[in-house]
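This report concerns only the one structure given below.
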Amino acid sequence: MFNKQLYMHEDLINRNASSFNYLLNNVESIPYNDTQQIDVFDDNIFSYVEKKSWGFYDVIISKTVFKTDTVLKVAMIGKVNTNTIARNLALYVTDYDNPLKLSGRTQILGHIKVPNGRTEQAYINGNSGNHITLKGQASSSNNKLPKINNVSSIDFSDYDFIPLKDIDKKSIIVNGFDKKGKVIDLNEITRLDHVVIKGHVVLISNNELYIDKTAQLNDVLVVAPKVNILSGFKGNIQIIAKEVVEINENVSLFYPSSIYVKNDLDSISVTIHKNAKLIGGVVIDGDTYNGSLKHILKIKEDATVVGNIYCFGRLQLEGDVIGSVYSDRFSLKTASSNYENVILNGSINRDSLPKNFVELPLFKGEINNEKYAIIKEF
């Protein structure tokens, strides 16, 4: 009987794996938040599959049940960019008839699309000479940024709301993605510290929110108009803000972390400070040109972003990007002056991005060739 039970459980694992693979290969045809029943082998042993939106990514769930035995597989997935041109592109800058100028120790490894298909050199702050490294083809950009996909919105209305009074210091909250989502209301505080929160949880506030290094956050969403990640924090979060995001010195946001800000009415400021690292990507978006004039993204010296940057506004790049950058324009502010469309001592290295890195799903891939890959299993 024991051997038979082991065999049946192993068979159930294989069935669930087949259901999961079916779901992974047919993600587009599965609606969000709707559990569907499938019978992969036509023998009346059913699997239950579901897709949930989670920031820039999706979470898929496959559960197979036979009598009292249940097998579950949950994973976060993302789109693989199948567009060969996009996969080799390191930099795209909108053509406003203002050439991109490079200065100091600046390198761009990968194809570029820039105004008039060429770059110029600038000598700033008394530099005696430039050390510019360019590797890749150069071609002309258009007079607007490529339009990105809309980020899937998440309906929190049916989530379980947890009031702040139910959360004590040193609380541990873990909620699997196969469970109903939880929302923690942080409106009564400005600083989150000494808690452990992981999984299918949204931290939400209508005020500026400071996240201390003593807060252990993994796989959660942070939704607030202004978010400030304090020095020393380490975790994995997706930030959805309206106005300001500050990633302070020595912060490590592990993969897949992201920042998403979209606003045409108010100013937007996103800053990644010295020695901070973010693996995933940053998106600043909007719908109007006038709105873009109030958007700025600053990547400070020795800061690193691995993945994708999309900035419908101004980008001040002093640090390193391993991946791709799409920016409406660049800016540089020194002690003595302001410069437009200048990069000083910045680095964009598309070549060093791992081939199997699942990027932000910014653009639609080649027609009928969308592919999904597993980012992490839970």
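In this text, all values refer to a predicted model and were calculated from it rather than measured experimentally.
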Ignoring hydrogens and geometry, is there a side-chain-to-backbone donor-acceptor pair from [X] to [Y] under 3.5 Å?
X	Y	value
Thr304	Asp320	no
His295	Cys311	no
Thr214	His194	yes
Asn345	Thr106	no
Thr70	Phe66	no
Gln216	Val195	no
Asp39	Asn44	yes
Thr271	His273	no
Asn308	Leu360	yes
Lys101	Thr119	no

What are the two closest non-hydrogen atoms of [X] and [Y], and how far apart are they?
X	Y	result
Leu315	Ser327	CB-OG, 3.4 Å
Lys234	Phe254	CB-CE1, 3.9 Å
Ser292	Asp328	OG-OD2, 3.9 Å
Phe363	Pro146	CE2-CB, 3.6 Å
Asp264	Gly286	OD1-CA, 3.6 Å
Ser62	Asn16	OG-OD1, 3.0 Å

Six-ring centre of Phe233, Lys213 cation under 6.0 angstrom, axis tolerance 45°: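 No, Lys213 and Phe233 do not form such a contact.
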cation_pi(Lys73, Phe20) dist<6.0 Å, angle<=45: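 Yes - Lys73 lies over the ring of Phe20, closer than 6.0 Å to its centre and within 45° of its axis.
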Whether Trp54 and Tyr159 hold their rings parallel, tilted or perpendicular, with breakpoints at 30° and 60°: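 Parallel: the ring planes of Trp54 and Tyr159 meet at under 30°.
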Would you tell me whether [X] and [Y] have side-chain atoms, one donor and one acceptor, within less than 3.5 Å of each other?
X	Y	value
Ser231	Glu249	no
Asp351	Asn349	no
Asn290	Thr288	no
Asn248	Asn228	yes
Glu208	Tyr210	yes
Asn26	Ser29	no
Tyr372	Asp58	no

Residue [X] excluded, over 12 heavy atoms near [atom1] under 6.0 Å:
X	atom1	answer
Lys262	NZ	yes
Phe46	CZ	yes
Glu10	CD	no
Lys294	NZ	yes
Lys63	NZ	no
Gln37	CD	yes
Glu120	CD	yes

Glu28 with Lys79: basic N within carboxylate O range, under 4.0 Å: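 Lys79 and Glu28: salt-bridged.
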Asp266 bridged to Lys226 by N-O distance under 4.0 Å: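 No.
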Decide yes or no for [X] and [Y]: does some side-chain heavy atom of the first lie under 4.5 Å from some side-chain heavy atom of the second?
X	Y	value
Val261	Asp285	no
Ile211	Leu217	yes
Ile268	Leu297	no
Arg350	Leu109	no
Lys376	Asp219	yes
Asn116	Asp97	yes
Leu209	Thr190	no
Asp212	Arg191	yes

Chi angles and distances behind the side chain to side chain contact (heavy atoms under 4.5 Å, CB included) call for Val93, Tyr326: CA-CA 6 Å; Val93 184; Tyr326 292 78; over 6 Å; no
Criterion side chain to side chain contact (heavy atoms under 4.5 Å, CB included) on Leu89 and Ile112, from CA distance to verdict: CA-CA 6 Å; Leu89 192 67; Ile112 63 174; 5.5 Å; no
Test of ring centre spacing under 6.0 Å for Tyr96 and Tyr289: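 Centroid distance Tyr96-Tyr289: below 6.0 Å, so yes.
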Distance flag, aromatic centroids of Phe161 and Phe156, threshold under 6.0 Å: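 No; Phe161 has its ring centre 6.0 Å or more from that of Phe156.
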Roughly how far apart are [X] [atom1] and [Y] [atom2], rounded to 0.5 Å?
X	Y	atom1	atom2	result
Ile204	Ile162	CD1	CD1	13.0 Å
Leu344	Leu102	CG	CG	10.0 Å
Ser19	Ile61	OG	CD1	13.5 Å

Test side chain to side chain contact (heavy atoms under 4.5 Å, CB included) applied to Gln121 and Ile132, step by step: CA-CA 8 Å; Gln121 290 196 35; Ile132 308 299; 3.9 Å; yes
Step-by-step side chain to side chain contact (heavy atoms under 4.5 Å, CB included) determination, Val227 to Glu243: CA-CA 9 Å; Val227 179; Glu243 300 172 35; over 6 Å; no
Working for salt bridge (Lys or Arg N to Asp or Glu O under 4.0 Å), residues Lys147 and Asp287: CA-CA 10 Å; Lys147 191 66 178 174; Asp287 296 317; 3.6 Å; yes
Partner of Ile247 under side-chain contact (heavy atoms from CB on, under 4.5 Å), chosen from Ile299, Val282, Ile239: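 Running side-chain contact (heavy atoms from CB on, under 4.5 Å) over Ile299, Val282, Ile239 with Ile247 returns exactly one hit, Ile239.
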